[in-house]
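A short write-up of the structure that comes next.
Proteins get letters first, then strands, A, B, ... in listed order; numbering begins at 1 in each.
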Protein chains: 2
Amino acid sequence: MSHQFHHSAEDLIRHNGGKVTAGRVGILAVLLAEQQAITHREIEQRLPQTLQLDRVTLYRVLEWLAGKNLIHKVSSDDRVWRYHANRDVSSHQHAHFKCTGCAQVICLETLPVERNWQLPAGYRFQEIELTVKGLCASCC
Amino acid sequence: MSHQFHHSAEDLIRHNGGKVTAGRVGILAVLLAEQQAITHREIEQRLPQTLQLDRVTLYRVLEWLAGKNLIHKVSSDDRVWRYHANRDVSSHQHAHFKCTGCAQVICLETLPVERNWQLPAGYRFQEIELTVKGLCASCC
DNA sequence: AGATAAATGCAACAATGTTGCACTCATTGT
DNA sequence: ACAATGAGTGCAACATTGTTGCATTTATCT
Ligand SMILES: [Mn+2]
Ligand SMILES: [Mn+2]
Ligand SMILES: [Zn+2]
Ligand SMILES: [Zn+2]
């Protein structure tokens, strides 16, 4: 885990008016260092040994970070939330790719889908959630 | 619950080489009578009082019906599977709509999405899972 | 340093779904 | 009609993910 991410994390948290705690910084640093959207478990594993957090705290920190728009949650058919640091890409709506082999999830750049859906009369559109499934390079 | 569905259900099960049990018939009849994709709980509630099934049996029946392609499962961000009888529409890939107010899920007819996704090099496309979120007519 | 609210840890809980195993019963053949 | 058989079921126990309440700790401000 590079100092870079640790420092960025600290900065982002402070600028969002939250207490700068070891847990928050560590968790956000993990997410900033990660390309993929990762689970609760995977975050735990990537945290430094010196930083052992309660599961509940982890969940609460993730909720807080999501509320501050520093990260976003990705839902999946395996009933497990995955989390990913927000970058330029993730500020707008985007699709996700999930490997059916190894379950890794990555964010895709685009969301090339029509917005004018033929919804039943009286229904109102809000947003689209799209997951492309397939095999990643390692699983092909 | 109309006799119609009960009879259709019995037929469908028999023609798929499974034992015609009260549970299977009752569950499939419920799903045939329903427009929306409904949850485990909702199915239970719609079953006749005379037919009390164990939760496990319900899950196993649903799994069996899905394996026989008589129904399909719909995943959702609330970590609850919903089930829907297969009709013409559902034989091919289709999108779903989920109301953010009341959590109802319906199947949409079309899936107007490009198939040629710009996936990272070496990745292979399999399928798309798309949920349109919004408000249903009652929740608008 | 002391006050304060925010953050954390722990225990308990909830919801959804799965597994193993003994028992039941729908179907088949006689 | 009856018996044999294996598919289907019920029950208990378990697994996983996530949430809630409350007492304790700690980052931050003065
Ligand atoms: Mn994403
Ligand atoms: Mn459907
Ligand atoms: Zn993979
Ligand atoms: Zn609604």
side-chain hydrogen bond (donor to acceptor under 3.5 Å, both in side chains) against T100(A), all qualifying residues, sequence neighbours excluded: Q126(B)

E44(A) CD to dT8(C) P, straight-line distance once rounded to whole Å: 14 Å

Side chain K19(A) and base dA7(C) donor-acceptor under 3.5 Å: no

Overall bend - the helix from dA1(C)-dT30(D) to dT30(C)-dA1(D), comparing terminal axes fitted on five pairs, nearest 10 degrees: 30°

With E63(B) via side-chain hydrogen bond (donor to acceptor under 3.5 Å, both in side chains) - residues at least two apart: none

Length of the CD-C1' vector between E10(B) and dT27(C), whole Å: 14 Å

Pairwise salt bridge (charged side-chain N to carboxylate O under 4.0 Å, His left out) hits with a residue in residues 15-37 of chain B, at least two apart: E34(B)-R46(B)

Spacing between R14(B) atom CZ and dA7(D) atom C1', to the nearest angstrom: 15 Å

For R14(B), side-chain hydrogen bond (donor to acceptor under 3.5 Å, both in side chains) partners two or more places apart: E10(B)

Residue list, side-chain hydrogen bond (donor to acceptor under 3.5 Å, both in side chains) with R55(B), at least two apart or on another chain: none

Reading 5' to 3' through nucleotides 9-18 of chain D, protein heavy-atom contacts under 4.0 Å coded B for base, S for sugar-phosphate only, - for none: BBBB----BB

Interatomic distance where CG belongs to L65(B) and P belongs to dA7(D) [whole Å]: 17 Å

Euclidean distance, atom CG of residue L51(A) to atom P of dT8(C) [Å, nearest integer]: 10 Å

Side-chain hydrophobic cluster, 4.5 Å single linkage: members besides V105(B): V74(B)

All pairs passing salt bridge (charged side-chain N to carboxylate O under 4.0 Å, His left out) where residues 122-133 of chain A contributes a residue, at least two apart: D77(A)-K133(A), E129(A)-K133(B), K133(A)-E129(B)

Nucleotide dT19(D), atom P - distance to CD of E63(A) in whole Å: 6 Å

